[in-house]
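What you are looking at is a predicted structure, and each value in this text was computed from that prediction instead of being measured.
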Amino acid sequence: MGSVAQVPIRVADLQDPSGAYPEITAITETADRLYVQSLHAHGLGWMPEP
């Protein structure tokens, strides 16, 4: 039988409460930043890694 890798999962609500960056649909994580994608924003957002 094969083995199953256990990957730590973090869950957080990253929606912008002000609505300035609407409807976050995806996050791409790097060592120092989170790149934020949205269906309706007019650009790519980013924030420091929490």
Side-chain angles (χ1 to χ4, degrees):
M1 291 198 145
S3 62
V4 175
Q6 294 194 8
V7 178
I9 297 174
R10 294 187 289 176
V11 177
D13 182 357
L14 298 175
Q15 297 298 324
D16 182 358
S18 74
Y21 197 87
E23 298 181 1
I24 294 172
T25 56
I27 296 287
T28 301
E29 184 177 8
T30 66
D32 59 343
R33 290 184 179 176
L34 297 177
Y35 290 92
V36 184
Q37 296 99 53
S38 167
L39 283 175
H40 302 289
H42 296 286
L44 180 69
W46 67 271
M47 60 187 288
E49 174 73 30

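One distance of note links CG of Leu39 with OG1 of Thr25; it measures 4.5 Å at 0.5 Å rounding. In this structure, the separation between CD on Glu29 and CG on Leu34 is 5.5 Å, given to the nearest 0.5 Å. From Trp46, atom CH2 reaches atom OG1 of Thr28 across 15.0 Å, with rounding to the nearest 0.5 Å.
Remark: the backbone N or O of His40 is not paired with any side-chain donor or acceptor of Glu23 at under 3.5 angstrom. Proximity of a side-chain donor or acceptor of Tyr35 to a complementary backbone N or O of Met47 within less than 3.5 Å is not detected.
Leu44 places a side-chain heavy atom less than 4.5 Å from the side chain of Gln37. For the pair Val36 and Tyr21, the minimum side-chain heavy-atom distance is below 4.5 Å.
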